[in-house]
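Comments concern the structure below.
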There are 2 protein chains.
Amino acid sequence: MKFSTKDRYALRMMVELASRPPETFVPLKAISTSQDISLKYLEQIVTPLARAGLLASERGSQGGYQLTRPAAEITAGDILRAVEGEVIPIPCLAADAEDCPRRPQCRTLSFWEGLNQAINDYIDHVTLQDLCPPAAKK
Amino acid sequence: MKFSTKDRYALRMMVELASRPPETFVPLKAISTSQDISLKYLEQIVTPLARAGLLASERGSQGGYQLTRPAAEITAGDILRAVEGEVIPIPCLAADAEDCPRRPQCRTLSFWEGLNQAINDYIDHVTLQDLCPPAAKK
DNA sequence: ACAATTCCTTTTAACTTTGTAGGATATTAC
DNA sequence: GTAATATCCTACAAAGTTAAAAGGAATTGT
């Protein structure tokens, strides 16, 4: 049970963006340098975040990425869900889960549902602002 | 972020053991049949559970496995930890984690620590008894 | 024109998961 | 004492996932 490095990188990237002045576009190259993540890998990580509407991009010189919402309105859950799809502990809980014949009598399902809720409750109440040092708050 | 099928099977197996009369040894073949898990795979799953002291075994005819403690005293956390080692969301939180140079300034670490705690708090307070239907309680 | 940048697709290497297989060892029943 | 029933132990293999690199096309500002 581990979150992928993509998840970890995405969160780090978003925290860095949140701690920079908003309204300006930050090129991935800058983040690549300061976070020590390869530019090419970052490009892949950023794609689902932009698709999910968490980031706006601008191409070309002076281009880059910026948050589409204030840091206080973007949660870790938003980010992880953008990268992972659903954040669920087992496949049975997927929205499109094939129906398992033993589901009606399954005694472990309630346990996993509870864990799912504990995890999602937590990640949905931590915002990017919570992860930025007060000095950098906007 | 998913728990492995080994984790899921281990939990199912333990719940089944908990819902049978204690003090008797249940052969894996019986569990293999009722849970529809291959005997050979079950053998591998059971090994770490026995090593962790959650199960006692007896070899030979009339042998099998039994819980070493009442179902109310075995938690899902005990089981998952036996199978997985530590239950942690990212490698940085491992007991033997190599020290990361960016750790002192890492702004995401606190998030992962909080998630780790939310997960472990939950799994440590669900017992096998909680997952057994009242009728089968001992 | 040129440099900087995002965007899009493909490929590869390493790793992890999910099993299967074969046999050795212990215990009970007959 | 032999056969049947189990656990135990180790190795192997197939499939899937992750982490990353590579190459180039499209867009924008100077």
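In this text the structure is predicted, and so the values were computed from the model without any measurement. Per chain, numbering begins at 1; letters A, B, ... match sequence-line order.
Nearest to the side-chain atoms of A:Gln62 among the listed nucleotides D:dC8, D:dT28, D:dT30 stands D:dT30.
Residues A:Ser61 and A:Gln44 both approach DNA chain C. Their nearest nucleotides, taken by heavy-atom distance, put A:Ser61 toward the 5′ side. Taking for each of A:Val26 and A:Met1 the nucleotide of DNA chain C with the nearest heavy atom, the 5'-most of the two is the partner of A:Val26. Mapping A:Arg59 and A:Thr5 onto DNA chain D by nearest heavy atom places A:Thr5 at the nucleotide closer to the 5' end.
Residue-level contact check: A:Tyr65 touches the backbone only, with heavy atoms under 4.0 Å from sugar-phosphate atoms and none from bases. A:Tyr9 comes within contact range of the sugar-phosphate backbone alone, with a heavy-atom separation under 4.0 Å but no base atom that close. Within 4.0 Å (heavy atoms only), A:Arg51 reaches sugar-phosphate atoms of the nucleic acid but no base atom. A:Glu43 comes within 4.0 angstrom of a nucleotide base, judged by non-hydrogen atoms across all strands.
Residue A:Gln117 qualifies as open at atom CD: its count of foreign heavy atoms under 6.0 Å is 12 or below. The environment of A:Glu98 atom CD is sparse: at most 12 non-hydrogen atoms of other residues, nucleotides or ligands sit within 6.0 angstrom.
Atom NZ of A:Lys6 is separated from atom P of D:dT17 by 13 Å (rounded to the nearest Å). We find that CG of B:Leu49 is positioned 12 Å from P of D:dC8, with the value rounded to whole Å. For the pair B:Lys40 NZ and D:dT10 P, the computed distance is 13 Å after rounding to whole Å. Spacing between atom CD of B:Gln66 and atom P of D:dT7 amounts to 13 Å, rounded to whole angstrom units. Rounded to a whole Å, the CG atom of A:Leu39 is 16 Å from the P atom of D:dG24. Counting to the nearest Å, the P atom of D:dT7 and the CD1 atom of B:Ile45 are 13 Å from each other. Here the C1' atom of nucleotide D:dC8 and the CG atom of B:Leu42 are 14 Å apart, to the nearest Å. Straight-line distance from the OH atom of B:Tyr41 to the C1' atom of D:dC9: 17 Å, rounded to whole Å.
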Decide salt bridge (Lys or Arg N to Asp or Glu O under 4.0 Å) for A:Arg81 and A:Asp7; before the verdict, give the C-alpha distance in whole Å, the side-chain angles of both, and the deciding distance to 0.1 Å. CA-CA 9 Å; A:Arg81 240 170 266 119; A:Asp7 292 326; over 6 Å; no
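In this structure, the side chains of B:Ile90 and B:Leu115 stay at 4.5 Å or more apart for every pair of heavy atoms.
Applying a 4.0 Å cut-off to non-hydrogen atoms, none of the residues of residues 84-99 of chain A approaches DNA chain C.
Between A:Ser38 and D:dA21 there is a side-chain N or O to OP1 or OP2 distance below 4.0 Å.
Note: A:Tyr41 and A:Tyr9 have perpendicular aromatic rings, judged against thresholds of 30 and 60 degrees for the angle between ring planes.
A nucleotide of DNA chain C counts as in contact with chain B when one of its atoms lies under 4.0 Å from a heavy atom; the first and last such, 5' to 3', are C:dT18 to C:dA29.
Using a 3.5 Å distance cut-off with no hydrogens or angles, the side chains of B:Gln66 and B:Thr24 do not pair a donor with an acceptor.
No close placement of the A:Tyr122 and B:Tyr122 rings is indicated, their centers lying 6.0 Å or farther apart.
Between A:Arg12 and A:Glu16 there is no salt bridge, since none of the side-chain N atoms of the basic residue sits less than 4.0 Å from a carboxylate O of the acidic one.
Side-chain N or O atoms of A:Asp78 include none that pairs as donor or acceptor with a backbone N or O of A:Leu54 at under 3.5 Å.
Here the closest heavy-atom approach between residue B:Val83 and residue B:Ala10 is recorded as CG2-CB, 3.7 Å.
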